[in-house]
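A, B, ... follow the sequence lines: proteins, then strands. Residue 1 opens every chain. Bear in mind that the values here come from a model prediction, so they are computed numbers and not experimental data. Side chains are part of it too, since the values below use all heavy atoms of this structure and drop only hydrogens, waters and symmetry mates.
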Amino acid sequence: MSILDGLNTEQRKAAEKIDGPLLILAGAGSGKTRTVTYRIAHMVLEKGISPYKILAVTFTNKAAKEMRERVENLIGLEAKKVMVSTFHSFGVRLLRTYATKLGYDSNFNIYDGDDQKRLVGRIMKELVVTNKQLTPAIVTSRISKYKEDGEEPADVDVYNTDTRVVAAVYEKYAEELIKNNAMDFADLLINTNKLLDDKEVLEKIQTRYEYIMVDEYQDTNNIQYQIVTKIANRHKNICVVGDEDQSIYGFRGANIKNILDFEKEYKDAMVVKLEQNYRSTKNILGAANSVIKLNTTSRGKNLWTEKEKGNLIEIFAATDGRAEADYVLQEIIKGKNAGKSYKDYTVLYRTNAQSRVFEEAFLRHRISYKIFGGMQFYQRVEVKDILSYMRVINNPKDTVSLFRIINVPKRKIGAATIDKLRTFAELENITFFEAMGRVEETKLGPALRVTIFQLYETLKNIIDEVEFLTTSEIYDMILEKTNYISYLETYDEKFEARIENVRELRTSIQEMENSEQYEGFISLGEFLEQTALVAATDDLEEDTDYVKLMTIHNSKGLEFSNVFLVGMEDELFPSSKADFSDDDLEEERRLCYVAITRAEEKLHISHASERMVYGRISYMREPSRFLKEIDENYIEYVNKPKIISPKKQESKLSGFNLITKKDFKVDEKSPFKIGEKVIHKKFGNGVIKDVEAGKRLVIRFRDGDKKLPLILAEKFLTKQ
DNA sequence: TGAATCGATGTTTTT
DNA sequence: CATCGATTCA
């Protein structure tokens, strides 16, 4: 008898291999978590390995929590001794301990994308970057890319003005982060990796963690790879789990080669393929397989299931985004009436913006739903404001947070004042916050001096007391001293929701304080860390009865019985932003594969021929090329596109273009008739919507209506 | 010098 | 559509 009796042959093979390198190629739904948790249980219960010696790295906190719970179910409280963590949390932990080795204080703040952009924007202003193409967002993403690739500012290849500018901003940015005692997401990994170059630290970590496991290995980047390699270097007991077909984070530096080359890296690695799928029906799996096999990077696997064929995949062609949402809505209502629950349904989409139509539809029909991701709770202006106060209190060197709140609520402290104070701080070689305390020595006006000093004092008082205060108390003091709520009351028309969010923040502090992990007390630093490192789906509750909405990216690792894959249109999915290089397209296809394989019983796929994009209507949208890649045997069309006789062509056009009968008049002077399909040299396919007598044509193109003078028409248009 | 108002502008995807 | 920045107003 072994605990491993509950596994299939392959799973068991993987779970029994404890020593040496192991690669588990786990297809979607193949019982990966089960295998890994049983493996840990087996190590502890049957091999006598101390749980302290085990490090398991996951992709999200939710995955970590789930793994810990499932191990606990198998081995009891010993499970708590296993280190199950995300790369980022693991790194932060280590960095808090050894921050000084890298020139940081242990109370460093963590900058999210928004903070990064603010800092980069500030630096760009200082460096007087004139190129309008280089927005803070673009420069930030390029800097992050350098960081993820392990390139220091000095390493950057400056082959033109743009790269020179980016490199200069990057250099300043890196300096500023240290001055601000702050790390961005990439730093958490980079600095962890740097720490592991320190003999003392490495020795300690290697001694402690004799066994290391990495989940979602296909989505690790080069730095994470180095971290893993260093830790595993002594004992070589490294187990990585992943699926190259589900690598979807290339844009964030994930390197699919890490998993593809694992066997080259560790010549004696054992490779186990988990190919039996326990999640989806034959039809769903067949559809997924037919798509992914077109990828050249796929190593090819034979995912199979004992499940029944199940339902065909339903394809719905909607006229527009609202009709698509209505379809989803009706299906859910139908299901609900047939005894299903809201929680049985999940809507998946490519971009966060798509959630809106569904949210509106669900609200109208009082269907309970929850959107995961998108504008994160902690990123909302009003919440981030309060968090910024907390961050300044936690780490007064953090000028990104300080500048954010210095004039919130309005205190008549503007850019010019801030500049003067900064100059003073530089002159005196003190921090900006300290300069605020010595504002009397500056040349600022008397009224300003009072306001600034008051703010300084308020913050300083809390800072001095911080170790005697609970995080809730700090929150209360901030709200009280700043009168933030009354400020919000005059903020905008959505002030009620904003106040609600600020109150909700207090609830979330209390929830954390009362959680098992913190047992009544969470320090300010720990709280801020939690808010910085939460992932979209960390708070997903399987049991709550709501329809779940999220991006496909966020759905990774999850499974749902009924899935609506919506917005299946070219330009949206695959995204028009993907430059259609092979690599990009393959990543989009993997994303499609991930989406399909989330579904257990029923998959609906929909697309619309019109939809709002940026507040304008985009017309004549084409179904996604990926839709055409799905083997016909697995799909059925809910509303088969009507076959239209040539005579009735116009009525088909009127169907989706709202051309009324009176529009069918013909202007004799024009060679073009209303309803006629044309191709424009620049704008592509279009339909003539109107002919303004002898003057110009109104043509509906994908990205909107255009008016074209008749004189130009013959030059640019050809009949379709 | 700060606040208000009005245009321009852009979004894949996220720890 | 919604946010951000520049321009203008007070």
Side-chain angles (χ1 to χ4, degrees), chain A residues 57-64 85-92 110-114 116-118 121 124-125 132-133 135-138 141 144 147-148 183-189 192 216 219-221 223-224 247-254 348-357 360 372-376 378-379 381 407 410-420 444-445 447-448 451 490 492 494 529-538 550-556 567 571-579 584 587-588 590-592 594-595 611-617:
Chain A
V57 188
T58 59
F59 201 68
T60 62
N61 297 305
K62 180 175 187 293
S85 173
T86 62
F87 271 105
H88 290 87
S89 306
F90 174 78
V92 170
I110 299 169
Y111 280 177
D112 64 17
D114 186 60
Q116 289 184 56
K117 266 185 265 169
R118 280 167 181 268
M124 286 171 70
K125 222 168 239 166
K132 290 288 241 177
Q133 307 293 100
T135 62
I138 288 168
S141 94
S144 294
K147 294 181 93 162
E148 277 151 7
M183 296 191 199
D184 62 23
F185 285 123
D187 284 331
L188 296 180
L189 302 175
T192 300
E216 308 282 12
D219 281 321
T220 50
N221 66 23
I223 302 157
Q224 290 166 326
S247 166
I248 55 174
Y249 281 99
F251 70 92
R252 174 173 114 178
L348 299 182
Y349 35 78
R350 178 69 232 279
T351 65
N352 285 303
Q354 289 168 258
S355 65
R356 206 189 170 102
V357 231
E360 283 164 7
F372 296 88
M375 187 45 134
Q376 299 268 36
Y378 295 116
Q379 324 243 39
V381 210
N407 199 32
K410 299 250 184 298
R411 300 186 175 93
K412 298 181 187 282
I413 306 173
T417 310
I418 292 177
D419 274 349
K420 281 179 191 158
L444 290 165
L448 266 176
T451 346
T490 59
D492 62 9
K494 286 187 290 186
E529 194 173 304
Q530 293 285 329
T531 63
L533 297 179
V534 279
T537 53
D538 281 352
M550 67 186 82
T551 61
I552 304 167
H553 281 90
N554 276 325
S555 76
K556 194 173 74 153
E571 303 217 317
L572 197 52
F573 191 23
S575 164
S576 56
K577 289 286 153 53
D579 60 12
D584 270 13
E587 179 150 319
E588 294 281 308
R590 290 193 290 269
L591 196 55
C592 179
V594 168
R611 121 177 7 259
M612 287 284 258
V613 178
Y614 293 144
R616 326 205 90 241
I617 301 173

Please measure how far the C1' atom in B:dT11 lies from the corresponding atom in C:dA6, and state the result in whole Å.
-> 22 Å
| query | For B:dT12, does OP1 or OP2 lie under 4.0 Å from any side-chain N or O of A:Arg252? | reply | no
Closest of B:dA3, B:dT14, B:dT12 to the A:Asn352 side chain is B:dT14
message: Regarding A:Asn61, tell me which of base, sugar-phosphate or nothing describes its non-hydrogen contacts under 4.0 Å with the strands shown.
response: nothing
To the nearest angstrom, the CG-C1' distance between A:Leu348 and B:dT13 comes to 13 Å
Using only heavy-atom distances, determine whether the side chains of A:Ser144 and A:Ser141 contain a donor-acceptor pair under 3.5 Å.
no
When rounded to whole Å, the CG to C1' distance for the pair A:Asp584 and B:dT12 reads 11 Å
In whole angstroms, the gap separating C1' of B:dT14 from CD of A:Glu148 amounts to 10 Å
Quiz item: Are A:Lys147 and A:Asp184 ion-paired here, with the side-chain N under 4.0 Å from a carboxylate O?
Solution: yes
| Short question: side chain of A:His553, backbone of A:Ile248 - any donor-acceptor pair under 3.5 Å? | yes
Note to self: Taking any heavy-atom pair under 4.0 Å as a contact, classify A:Asp112: base, sugar-phosphate, or nothing.
What the structure shows: nothing
| Does the A:Gln224 side chain pair with the main chain of A:Asn221, one donor and one acceptor, at a distance under 3.5 Å? | yes
Which of B:dT14, C:dA2, B:dT12 is nearest the side chain of A:His553? It is B:dT14
*Using a 4.0 Å heavy-atom cut-off across all strands, classify A:Lys556 as base, sugar-phosphate, or nothing.*
nothing
Considering only heavy side-chain atoms of A:Thr351, the closest of B:dT12, B:dA4, B:dT14 is B:dT12
Next on the checklist: Just N and O in the side chain of A:Asn554: are any of them under 4.0 Å from OP1 or OP2 of B:dT15?
Outcome noted: yes
Rounded to whole Å, CZ of A:Arg590 lies from P of B:dT13 at a distance of 18 Å
Rounded to whole Å, the CD1-P distance (A:Ile110 to B:dT14) equals 19 Å
| Using a cut-off of less than 4.0 Å, is there contact between a side-chain N or O of A:Lys117 and OP1 or OP2 of C:dC4? | no
Does A:Phe251 lie flat on the base of B:dT13, that is, centres under 5.5 Å apart and planes under 30° off? yes
Against the side chain of A:Glu588, the closest entry in B:dT1, B:dT14, B:dT12 is B:dT12
**Message:** Using modelled atom types and a 3.5 Å cut-off, is there a donor and acceptor pairing between side-chain atoms of A:Glu588 and backbone atoms of A:Ser575?
**Reply:** yes
Select base, sugar-phosphate, or nothing to describe what A:Tyr249 touches, counting heavy atoms under 4.0 Å on all strands.
sugar-phosphate
Original post:
For B:dT9, does OP1 or OP2 lie under 4.0 Å from any side-chain N or O of A:Thr135?
Top reply: no
Between A:Ile418 and A:Leu533, whichever has its closest DNA chain B nucleotide further toward 5' is A:Ile418
Comparing A:Gly373 with A:Ala137, nearest DNA chain B nucleotide closer to 5' gives the residue A:Ala137
Quick one: label A:Thr86 by what it contacts on the DNA or RNA (base, sugar-phosphate, nothing), any heavy atom closer than 4.0 Å. nothing
note: A:Asn407, atom CG; B:dG2, atom C1'; distance rounded to Å ~ 8 Å
Rounded to whole Å, NZ of A:Lys410 lies from P of B:dA4 at a distance of 7 Å
>> Is it true that, when you exclude A:Lys62 itself, more than 12 heavy atoms of the residues, nucleotides or ligands shown sit nearer than 6.0 Å to its NZ?
In response: yes
A:Lys62 NZ to B:dT14 C1', in whole Å, measures 17 Å
